[in-house]
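Following: one structure in structure tokens, then a few remarks.
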There are 2 protein chains.
Amino acid sequence: MAKRPAKQTPQQPIDPDRIPRAVIKRLSLYSRILQSFEFQGIEKISSAELARRLGLNSAQVRKDLACFGQFGVPGFGYHVNDLRRQVRSILKTDREMRVILVGVGNLGSALMSYRGFLKQGFTMLFGFDVNPRAAGDRARSKVPIYDIRDLESKISGQGVDIAVLAVPTDVVQEVANRIVKCGVNAILNFVPMRIEVPARVQVRYVDLSLELESLAYYVQGREKEGEKSD
Amino acid sequence: MAKRPAKQTPQQPIDPDRIPRAVIKRLSLYSRILQSFEFQGIEKISSAELARRLGLNSAQVRKDLACFGQFGVPGFGYHVNDLRRQVRSILKTDREMRVILVGVGNLGSALMSYRGFLKQGFTMLFGFDVNPRAAGDRARSKVPIYDIRDLESKISGQGVDIAVLAVPTDVVQEVANRIVKCGVNAILNFVPMRIEVPARVQVRYVDLSLELESLAYYVQGREKEGEKSD
DNA sequence: CTTACTTTGTGAATGATTTCACAAAGTACC
DNA sequence: GGTACTTTGTGAAATCATTCACAAAGTAAG
């Protein structure tokens, strides 16, 4: 049973810039769930089940996938292996993504050693720090850590796809400038400060304390039922 | 100069559940910028400038703030000190938020020692780990780390507002269950897995690798202008 | 005190995203 | 092979968020 679906419009010629940012994020989520399903030996999955697991609407799941082609089989659902392969191909995590980390302090070293940050398909080439020796001690990792002064020389010709920034706030713009000058066109910024870059460079932010602070707002609302007007 | 603004409808009676999630997140951003302005001794700020610094639209800034009252002065802008105080009061970061951390592995210990995670107004009471001794070595921190078996007894009566989860994926639901049972109504989950909790409990997710994976999608689009159709 | 200027606060317009709902397509079983 | 059932893919509708644009309100300076 479970014949491979005959019909699959692979890689429809859709402008990548037309796809909403949010769709791409959810694709990463799908990829993750599919991986765990594959690991568990589950072979088929419906949009409804996928949606349930992620707290989404099933139509949304179908629409997201429909942006890139027809991967499903009506009356059946999606073949887990197949869909996963497709999603990884879309996200380009089926080829090697070459990553560097700048700033190997508390946060940076955690990112380096935390399995779960670098997924399959991503390779950390090396780290940079103003104090590579101390940084090397922190990061329990085989990834070499160089002096940040050698940034340009070390990464030239290495085909770096993405730079992860975890440096102090006051130097993040300067570090970003240097990285951009080296031809890196994607930056993942863990530093809670907006950086200015040329339009061709993609920047994403991860703000560790933002959600915490937001949560505080909702906490107070709950902690007492009746609000008294001061 | 710079008289304190006479008019300020403080804490308009707006249902906290009516405020969009995104507004609250931006409020945290405003709070952060305002803090740095205050530090620099800057006393006035316009919605336009605030927007520029955060890559937003000035009308959006004004609308966000307008959800909670009238804090601005037409023809002048906002008083930095004043606005900051207001925003912190809205977010309730002007009082102590009591936080615990469950899971003091690579990520958890980084969160503990990373200045920049716990902002002003948040206090880390203690951490929990299956191996508190090893965890204590990792976390260079004065925060006590207890055995996770003692979770219930240690946090009872401590008035814990928020629990931060950084445990392995396969135990996160169980840990969440225990935490909820202890009466904690807000969870910040760093574990990339959706947890089921009662409706009264607020859960927020921080996914460290999601943005990285999304970035990959955009990287490939840039790296070669002409796409060849296989 | 009056005038010219700036910037807020906000209804209306636009744009984006999510959900609904259903025809079309494929499955599964007899 | 045929029939009943399931689930996809997708326009249309609904919801949510952002931006525009301007009257109202306050500042600043003579």
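Numbers restart at 1 for each chain; the letters A, B, ... are given by sequence-line order, proteins then strands.
Checking side-chain atoms of B:Asp82 against main-chain N and O of B:Gln86 turns up no donor-acceptor pair under 3.5 Å. Between the A:Arg98 side chain and the A:Asp161 main chain, no donor and acceptor come within less than 3.5 Å of each other. Listed for the B:Ser89 side chain is no donor-acceptor partner under 3.5 Å among the backbone atoms of B:Arg85.
No cation-pi contact links B:Arg178 to B:Phe128, judged by a cut-off of 6.0 Å to the six-membered ring centre and 45° from its axis.
Between B:Asn57 atom CG and C:dG15 atom P the separation is 14 Å, expressed in whole Å. Between the CD atom of B:Gln60 and the P atom of C:dA16 there is a distance of 14 Å, given to the nearest Å. Summarising the geometry, the separation between CD1 on B:Ile19 and C1' on D:dC16 is reported as 14 Å, rounded to the nearest angstrom. As a whole-Å value, the separation of A:Arg21 CZ from D:dA17 P is 18 Å.
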### Summary
Expected string for nucleotides 6-12 of chain D under the B/S/- scheme (protein heavy atoms, under 4.0 Å, primed atoms plus P, OP1, OP2 as sugar-phosphate) is BBBBBBB

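The side chain to side chain contact (heavy atoms under 4.5 Å, CB included) test with A:Arg88 singles out one residue from A:Gln120, A:Lys119, A:Arg95, and that residue is A:Gln120.
End-to-end axis angle for the helix from C:dC1-D:dG30 to C:dC30-D:dG1, using five pairs per end and rounding to 10°, comes out at 30°.
Side-chain atoms of B:Ser209 and A:Arg32 include a donor-acceptor pair closer than 3.5 Å. Of the N and O atoms on the side chains of B:Tyr30 and B:Asp64, at least one donor lies less than 3.5 Å from an acceptor on the other residue.
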Less than 3.5 Å apart, which donor and acceptor atoms pair up between the side chains of residues 162-176 of chain B and the rest of the protein, not counting sequence neighbours?
{"from": "B:Gln173", "atom 1": "OE1", "to": "B:Glu196", "atom 2": "N", "distance (Å)": "2.9"}
{"from": "B:Gln173", "atom 1": "NE2", "to": "B:Asn177", "atom 2": "OD1", "distance (Å)": "2.8"}
{"from": "B:Gln173", "atom 1": "NE2", "to": "B:Glu196", "atom 2": "O", "distance (Å)": "3.0"}

